[in-house]
**Student:** 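Here it is, the structure in full.
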There are 2 protein chains.
Amino acid sequence: MNIGEVSERAGLPAKTIRYYEDIGLVRPLRSDNGYRAFRDSDIHKLAFLGRARTFGFSIEDCRTLLDLYEDETRESAQVKAVAQEHLAAVDEKIAQLKSMRETLAHLVDACQGDHRPDCPILKDLAKDP
Amino acid sequence: MNIGEVSERAGLPAKTIRYYEDIGLVRPLRSDNGYRAFRDSDIHKLAFLGRARTFGFSIEDCRTLLDLYEDETRESAQVKAVAQEHLAAVDEKIAQLKSMRETLAHLVDACQGDHRPDCPILKDLAKDP
DNA sequence: CTTGAGCTTCCAGCAACTGGAAGCCCTATA
DNA sequence: TATAGGGCTTCCAGTTGCTGGAAGCTCAAG
């Protein structure tokens, strides 16, 4: 199957698929004309990758997860460890954003937003600490 | 003042300060020996930038905010608009992360994390849609 | 036989830095 | 005065995960 169809089926841009090949996440065969020839297993992998990426896993995590997926002798603990670490990172990111959001919201709230130059937002940004 | 001291005072790595000069956010003078010579106003700007960055504003937003800060004829509405837009983006990001987090948490929860290969996380990643 | 879509490669660029190499400059000490 | 060190300079490359575009080959339809 050519890259165009694979792109549709896996829900990934062709560019991305080529990139994934570049970095060794998939290894499609080649037809005589030089076109990439994807097997069903490649499409499966690509869909897996696409889904893992929507969960926010890094490419390296995806590589690990894919390896585990293909490894019959894996232990689910290995998968869980990767996911748990990522979950922790996501939690931290959320906490960080929330705190940022609160400060920001207060400032926006305090700003009149009129034609005068006086602005608590700028005042805060300019303050010392 | 040399970059080392400025770095400490503004709380930004020297590398970052040089980068900010590169992209035109600050324009320190130069001493005869070629060293950057920062004025108080430069340090102020850098601190402003550092703080704006901790709020998650993009470099381009920072540039705008800095321009507004220096413009006596600004209207606070302009500042508020920038901040509000950013706040909306942050809110969206948080929502996105939260939804991701929930799915992820469910999967992690469902996974035994033992020595057996069976794993709902991988199962979910591999599923069709 | 030509047209157009689809495929190929390669190079560049995004954001916002960060690391490292090679080489001045300045001060202090032996 | 020589030298060792730390700080400063520039420039180039790498990070993450793609994305856009140019130049050129291939294939199917008309």
Side-chain angles (χ1 to χ4, degrees), chain A residues 1-38 42-43 45-66 85-86 89-90 93 96-97 100, chain B residues 1-38 42-43 45-46 48-66 82 85-86 89-90 93 96-97 100:
Chain A
M1 206 179 310
N2 284 351
I3 201 167
E5 203 182 335
V6 173
S7 168
E8 275 198 27
R9 291 225 211 166
L12 291 173
K15 278 275 189 190
T16 300
I17 297 173
R18 290 195 195 99
Y19 172 68
Y20 286 173
E21 184 187 7
D22 261 14
I23 61 174
L25 286 178
V26 276
R27 301 181 201 283
L29 304 174
R30 292 289 175 146
S31 305
D32 290 344
N33 59 13
Y35 286 16
R36 287 168 183 81
F38 295 85
D42 294 319
I43 300 172
K45 277 198 200 181
L46 287 167
F48 182 101
L49 289 168
R51 197 155 165 75
R53 292 288 296 137
T54 71
F55 284 145
F57 285 107
S58 73
I59 289 289
E60 281 321 300
D61 278 353
C62 288
R63 197 190 297 278
T64 306
L65 291 171
L66 203 49
E85 214 166 306
H86 177 49
V90 171
K93 187 78 194 165
Q96 196 188 38
L97 281 176
M100 226 176 67
Chain B
M1 204 178 309
N2 285 352
I3 201 166
E5 203 183 336
V6 173
S7 168
E8 276 198 27
R9 291 225 210 167
L12 292 173
K15 277 273 186 189
T16 300
I17 297 173
R18 290 195 196 98
Y19 171 68
Y20 285 174
E21 184 188 7
D22 261 14
I23 61 172
L25 285 178
V26 277
R27 301 180 202 283
L29 303 174
R30 292 289 174 146
S31 305
D32 289 345
N33 59 11
Y35 286 16
R36 287 169 182 80
F38 295 85
D42 294 320
I43 300 170
K45 278 197 199 182
L46 287 167
F48 182 102
L49 289 169
R51 199 156 164 73
R53 290 289 296 136
T54 70
F55 283 146
F57 285 107
S58 73
I59 289 288
E60 281 321 298
D61 277 353
C62 288
R63 197 190 296 279
T64 305
L65 290 171
L66 202 51
V82 172
E85 214 166 306
H86 178 49
V90 171
K93 186 78 194 165
Q96 195 189 39
L97 283 177
M100 225 175 68

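Labels below follow one simple rule: chain letters A, B, ... track the order of the sequence lines, proteins then strands, and each chain is numbered from 1.
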**Student:** Between atom NZ in Lys93(A) and atom C1' in dT16(D), what is the gap in whole Å?
**Tutor:** 13 Å

**Student:** Let me know the distance between CG of Asp32(B) and C1' of dC26(C), rounded to the nearest Å.
**Tutor:** 14 Å

**Student:** Would you say the side-chain atoms of Asn33(B) pair up with the backbone N or O of Tyr35(B), donor to acceptor, closer than 3.5 Å?
**Tutor:** yes

**Student:** Using only side-chain N and O atoms of Arg53(A), determine if any of them is under 4.0 Å from OP1 or OP2 of dC18(D).
**Tutor:** yes

**Student:** Rounded to whole angstroms, how far apart are CG on Asp22(B) and P on dC12(D)?
**Tutor:** 12 Å

**Student:** Drop me the distance from Arg27(A)'s CZ to Phe38(A)'s CZ, to the nearest 0.5 angstrom.
**Tutor:** 13.0 Å

**Student:** Check the phosphate of dT9(D) against Arg36(B), side-chain N and O only, distance under 4.0 Å to OP1 or OP2. Yes or no?
**Tutor:** yes

**Student:** Can you check the Leu49(B) CG to dA15(C) P distance for me, whole Å?
**Tutor:** 16 Å

**Student:** How long is the line joining NZ of Lys15(B) and P of dG14(D), in whole Å?
**Tutor:** 14 Å

**Student:** Taking OH from Tyr35(B) and C1' from dC25(C), how many angstroms apart are they, rounded to a whole number?
**Tutor:** 4 Å

**Student:** Base, sugar-phosphate, or nothing: which does Phe57(A) touch, judged by heavy atoms less than 4.0 Å apart?
**Tutor:** nothing

**Student:** For dG17(D), take OP1 and OP2 only and decide whether either is under 4.0 Å from a side-chain N or O of Tyr20(A).
**Tutor:** no

**Student:** Nearest heavy-atom pair of Ile17(B) and Val26(B): which atoms, and what distance?
**Tutor:** O-CG2, 4.3 Å

**Student:** What's the CD1-P distance between Ile59(B) and dC17(C), to the nearest Å?
**Tutor:** 5 Å

**Student:** If you pin Glu21(A) and Tyr19(B) to their nearest nucleotides in DNA chain C, which one's is more 5'?
**Tutor:** Glu21(A)

**Student:** May I ask you to verify if any side-chain N or O of Ser58(A) is less than 4.0 angstrom from the OP1 or OP2 atom of dT16(D)?
**Tutor:** no

**Student:** Check whether any side-chain N or O of Arg63(A) sits under 4.0 Å from OP1 or OP2 of dT16(D), and answer yes or no.
**Tutor:** no

**Student:** Would you mind reading off the distance between Ile17(A) atom CD1 and dC18(D) atom C1', rounded to a whole angstrom?
**Tutor:** 13 Å

**Student:** Where the side chain of Pro13(B) is defined as all heavy atoms beyond and including C-beta, which of dT9(D), dT8(C), dT18(C) is the nearest nucleotide?
**Tutor:** dT18(C)

**Student:** Is the distance from OP1 or OP2 of dT9(D) to the nearest side-chain N or O of Arg18(B) less than 4.0 Å?
**Tutor:** yes

**Student:** More 5' along DNA chain C: Glu60(B) or Gly34(A), using each one's nearest nucleotide?
**Tutor:** Gly34(A)

**Student:** Rounded to the nearest 0.5 Å, how far apart are CD1 of Ile3(B) and CZ of Arg18(B)?
**Tutor:** 4.0 Å

**Student:** Hey, does the side chain of Arg53(A) reach the backbone of Cys62(A) with a donor-acceptor pair shorter than 3.5 angstrom?
**Tutor:** no

**Student:** OP1, OP2 of dC26(C) versus side-chain N and O of Asn33(B): anything below 4.0 Å?
**Tutor:** yes

**Student:** Should Thr16(B) be listed as having a side-chain N or O under 4.0 Å from OP1 or OP2 of dA16(C)?
**Tutor:** no

